[in-house]
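Report on the following structure.
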Amino acid sequence: MLYQIYEAQRAVMEPFADFAQAAAKLYSDPLTPFGQTPLAHRVSASYELMHRLWKDYEKPEFGIQTVQVGGTEVVVHEAVEIDKPFCELRRFKRFSDDPATLAGMKAQPTVLVVAPLSGHYATLLRDTVRSLLADHKVYITDWKNARMVPLDQGVFHLDDYVAYVQEFIRYVQGIYGNCHVISVCQPTVPVLAAVSLMASRGEVTPLTMTMMGGPIDARKSPTAVNNLAMNKSYEWFENNVIHRVPTSFPGAGREVYPGFLQHTGFVAMNPDRHLLSHYDFFKHLVAGDDAGAEAHRKFYDEYNAVLDMDAAYYLDTIRTVFQEYALVNGSWDVISEDGELERVRPEDITTTAQLTIEGELDDISGAGQTAAAHDLCVNVPKSRQKHFEVKGAGHYGIFSGRRWRELVYPEVREFIARFNDGPVLPNAKRSAPAKAAARRTAAEPAA
């Protein structure tokens, strides 16, 4: 019933949010009588703050229209390459009429970014994608809100997540011969599993695998997130945080871990920080600081937009990653596409170079959790492994913002460039899906 109560409350508050937005505009317009009243700026700021606290936040757009490539501005177009029930593989295709720029872009490495499925949309990695597009061809996993997936599409498990990642890797490899994989936060575990299984089968694995701020070994430096998962039983999560989607959504009846619960947990980790941020927003509005107010809006438009996760996937993750530590204990079996159990063996990876990145002040994935991947991949030469700790960076700072752009991205770019040569699929372009191959002609002004 909790989900239904939340939706009823949201429906009740929606007209008040709209009223607050209209009132904020009236009191901020000096041409209206309201805008000429005493303290109009403060009244307008109060109404806008109320609007933002009460409004419903939809999935944001990536909004990447252009990027600079080698000093030349190129146009970016988003395209969905694969549409799965619970995820879209999205490509950011770059266009240029300059032959030299086009030739340079086509020679650049290809990167598959695996975005987290942990409450926020893939657009949280907008800054990551924008930086990568300057030097790479970029694909990203764009996970769908489970409440929008009809029940007839089946249930989504952690094993399905691993299978999706393998399918996407094979798809990109089929076009370009090979690729580089970057996983941010939660997907570090299923991505490492996916690559391990490919290596165990003798498939060509990605040239590099960059793992950023993820719970490879959640026992190390446990955070509040880890402690919750470790101190509560599996049955507690099953009975207390799993709810059915209301009838007003396409996924009505599906059991999910609701996004609003995840968002509440995020806010509860640092309530003082969020209260101060909203108060600063109010002061920016009163002072007419448009830049400061807009920065607040952009951050919370992203932060407050959350998605539901299928209950099976969420519970699988709790048990496998945070309670049984199946990856690091060597006891994780994944159901293959053929319905057989396959043991995840990171020691079977031999050619994929590995970069792990952690934030010094990360309060979600503690110190050492991501670096633990190096201890598992014992047959990757040490010369092909690297760990980078970002001084002064929290969780979001390792993939977004100034520290990402100035400290982390140069490390990622250099690592990918250093190991861009390696095993590739033979005749990759000829083995690519017909639809993709038809789009990629020699004369096409895109990369």
Side-chain angles (χ1 to χ4, degrees), residues 1-4 6-7 59 80 82-90 114-122 141-171 183 185-194 196-197 215 229 232-263 265 306-324 326-327 331-344:
M1 285 295 296
L2 181 62
Y3 207 140
Q4 286 75 10
Y6 171 82
E7 278 301 309
K59 177 186 176 182
V80 175
I82 299 178
D83 189 359
K84 305 284 288 182
F86 290 87
C87 185
E88 295 175 341
L89 179 64
R90 190 171 297 271
V114 182
L117 178 53
S118 56
H120 283 111
Y121 290 97
T141 59
D142 193 3
W143 300 101
K144 297 180 181 180
N145 193 335
R147 72 183 186 184
M148 305 303 292
V149 182
L151 275 174
D152 60 13
Q153 295 297 317
V155 179
F156 187 70
H157 287 271
L158 182 59
D159 289 358
D160 297 313
Y161 193 122
V162 174
Y164 274 30
V165 172
Q166 292 179 90
E167 179 179 347
F168 296 156
I169 290 174
R170 294 186 190 115
Y171 176 84
S183 54
C185 189
Q186 166 272 324
T188 55
V189 174
V191 167
L192 181 54
S196 299
L197 292 170
K232 299 291 186 181
S233 67
Y234 178 89
E235 289 73 23
W236 184 90
F237 286 98
E238 194 173 27
N239 295 327
N240 289 278
V241 303
I242 302 303
H243 301 275
R244 291 192 180 274
V245 175
T247 56
S248 54
F249 298 101
R254 178 179 296 281
E255 289 192 328
V256 298
Y257 175 53
F260 67 84
L261 283 183
Q262 182 78 322
H263 179 262
V306 291
L307 54 76
D308 297 347
M309 291 172 273
D310 190 273
Y313 157 78
Y314 176 77
L315 294 172
D316 284 350
T317 301
I318 292 292
R319 171 180 284 164
T320 302
V321 179
F322 296 104
Q323 294 185 343
E324 297 180 350
L327 177 61
S331 58
W332 189 6
D333 292 322
V334 173
I335 300 177
S336 71
E337 297 172 356
D338 299 326
E340 298 181 358
L341 287 178
E342 294 182 297
R343 178 59 56 88
V344 176

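As a basis for the values below, the full set of heavy atoms in this structure was taken, side chains included, without hydrogen atoms, waters or symmetry mates. Given the structure is predicted, the values throughout are model-derived calculations rather than measurements.
- Annotation for Phe86 and Gln153: closest pair CE1-O, 4.2 Å, computed over non-hydrogen atoms.
- Of all non-hydrogen atoms in Ser118 and Gln262, the two that sit nearest each other are O-NE2, 2.6 Å.
- In terms of heavy-atom proximity, Val191 sits nearest to Ser183 at CG2-CB, 3.8 Å.
- Using a 4.5 Å heavy-atom threshold, the side chains of Met309 and Leu117 count as touching.
- For the residue pair Asp316 and Tyr161, no side-chain donor N or O sits within less than 3.5 Å of a side-chain acceptor on the partner.
- Atom CG in Leu89 sits 9.0 Å away from atom CD in Glu167 (nearest 0.5 Å).
- Checking side-chain atoms of Gln323 against main-chain N and O of Lys232 turns up a donor-acceptor pair under 3.5 Å.
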Practice item. Take His243 and Tyr6 through the side-chain contact (heavy atoms from CB on, under 4.5 Å) test and state the conclusion after the steps. Key: CA-CA 11 Å; His243 301 275; Tyr6 171 82; over 6 Å; no
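- The distance from atom CG of Asn239 to atom OG of Ser233, rounded to the nearest 0.5 Å, is 7.5 Å.
- Legend: residues meeting side chain to side chain contact (heavy atoms under 4.5 Å, CB included) with Leu151, ordered by chain and number and at least two apart, are Arg254.
- When all heavy atoms of Tyr257 and Val241 are compared, the pair lying nearest together is CD1-O, 3.4 Å.
- Looking at Glu255, its side chain never comes within 3.5 Å of a backbone N or O of Ala312 through a donor-acceptor pair.
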Check your understanding: Given the rule in the side-chain contact (heavy atoms from CB on, under 4.5 Å) test, do Leu261 and Tyr3 qualify, once you have shown the distances and angles that lead to the verdict?
Key -> CA-CA 9 Å; Leu261 283 183; Tyr3 207 140; over 6 Å; no
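- Side-chain atoms of Asn145 come within 3.5 Å of backbone atoms of Asp308 as a donor-acceptor pair (strictly under, hydrogens ignored).
- Between Val155 and Asp310, the closest side-chain pair of non-hydrogen atoms falls below 4.5 Å.
- The backbone N or O of Glu340 sits nowhere less than 3.5 Å from a side-chain atom of Asp338 that would complete a donor-acceptor pair.
- Residue Ile335 qualifies as open at atom CD1: its count of foreign heavy atoms under 6.0 Å is 12 or below.
- Between the side chain of Thr188 and the main chain of Cys185, a donor-acceptor pair closer than 3.5 Å is present.
- With values rounded to the nearest 0.5 angstrom, Arg244 atom CZ is found 14.5 Å from Leu2 atom CG.
- Rounding to the nearest 0.5 angstrom, the gap separating the CG atom in Leu307 from the NE2 atom in His263 is 12.5 Å.
- Of the charged side-chain nitrogens involved, at least one lies within less than 4.0 Å of a carboxylate oxygen, so that Asp83 and Lys144 count as a salt-bridged pair.
- With values rounded to the nearest 0.5 angstrom, Leu197 atom CG is found 11.0 Å from Arg343 atom CZ.
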Point to revise | Trace of the side-chain contact (heavy atoms from CB on, under 4.5 Å) decision for Thr141 with Tyr164 | key: CA-CA 9 Å; Thr141 59; Tyr164 274 30; over 6 Å; no
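- In this structure, CG on Asp159 lies 7.5 Å from OG1 on Thr320, to the nearest 0.5 angstrom.
- For the pair Pro85 and Val149, the tightest heavy-atom approach, listed with the atom from each and the gap, is O-CG2, 3.4 Å.
- Taking each heavy atom of Ile242 and Ala311 in turn, the nearest pair found is CG2-CB, 3.6 Å.
- The aromatic rings of Phe156 and Tyr313 sit tilted, their planes meeting at an angle between 30° and 60°.
- Counting only distance, with no hydrogens or angles, the side chain of Glu88 and the backbone of Asp142 share no donor-acceptor pair below 3.5 Å.
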Check your understanding: Can you check side-chain contact (heavy atoms from CB on, under 4.5 Å) on Tyr314 and Phe237, steps first, answer last?
Key -> CA-CA 9 Å; Tyr314 176 77; Phe237 286 98; 3.6 Å; yes
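- Within the 3.5 Å criterion, the main-chain N or O of Ala115 finds a donor-acceptor partner in the side chain of Trp143.
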